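Here's the structure, in structure tokens; my notes come after.
Because the structure is predicted, anything quoted here is derived from the model rather than measured.
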Amino acid sequence: NTAGVDPARDIIEATKEFTATHDFVNADKIGCVGASYGGFMTMYLQTITDIFACAISHAGISDHTSYWGYGYWGYSYSETSMANSYPWTRKDLYVEQSPLYHPETVNTPLLFLHGTGDTNVPYNESVQMFTALKLLGKETAFVSVEGENHHINEYNKHIWWHNTQMAWFAKYLQDDDSWWEALYPHKDL
């Protein structure tokens, strides 16, 4: 019944401890990446900390309430992570710990990746968080992986998906946006 707050605290504490005890690590250039639950955790972390220079969420859950009612594992997933708790009985879990309800606190550039055919975590979980960040003028990008499910299995798409992540990290962790710009030239929308 933590919906993420305890693991998030552990990740933040471990990251700070690691950077403090390893002088070869640049604490100002740490990236955060996760998929599925890790994608949720990546989004959630950005709502409660600014220790990451950039982040990537692949197929993450942005709203526990919408996932509860619509996601592939939905109800059963929530029965494991939030036992005997429901959106109408524990708003502190379902709303307060859903990244979608706190986009204004995100200050980290956040990339969303999601397969358009994802049957595990619905595509809209990434779309709605991306939209919220975009409306707030936050640094964000969204890359759809056409026809792919929860995992990116088609070889060429997998290579492109991997390169997209590495280019995002190069842009924010190495201050080199050339790879990102080569993959995704700037467009005025």
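For T108, the side chain to side chain donor-acceptor pair (under 3.5 Å) partners two or more places apart in sequence, or in a different chain, are Q46. In this structure T15 satisfies the side chain to side chain donor-acceptor pair (under 3.5 Å) test with no other residue, sequence neighbours excluded. Not counting sequence neighbours, F52 has no partner by the ring pair (Phe, Tyr, Trp, His ring centres under 6.0 Å) test. Considering only residues two or more places apart in sequence or on other chains, S36 meets the side chain to side chain donor-acceptor pair (under 3.5 Å) condition with H150. With sequence neighbours excluded, no residue satisfies ring pair (Phe, Tyr, Trp, His ring centres under 6.0 Å) with H151. Residues passing the ring pair (Phe, Tyr, Trp, His ring centres under 6.0 Å) test with F24, sequence neighbours excluded: H22. With sequence neighbours excluded, no residue forms a ring pair (Phe, Tyr, Trp, His ring centres under 6.0 Å) with W179. The salt bridge (charged side-chain N to carboxylate O under 4.0 Å, His left out) search around D23 returns none, not counting sequence neighbours.
Identified under the side chain to side chain donor-acceptor pair (under 3.5 Å) test for residues 166-178, with sequence neighbours left out: K29-D175, E139-Y172, D176-S178. Applying the ring-ring contact (aromatic ring centres under 6.0 Å, His included) definition to pairs two or more places apart or across chains, those involving residues 120-148 are H114-Y123, Y123-F142, F130-F142. Applying the salt bridge (Lys or Arg N to Asp or Glu O under 4.0 Å) definition to pairs two or more places apart or across chains, none involves residues 98-108. For the salt bridge (Lys or Arg N to Asp or Glu O under 4.0 Å) condition, the pairs that include at least one residue of residues 88-100, sequence neighbours left out, are R90-D92.
Side-chain atoms of N120 and Y67 form a donor-acceptor pair, as typed in the model, at a separation below 3.5 Å.
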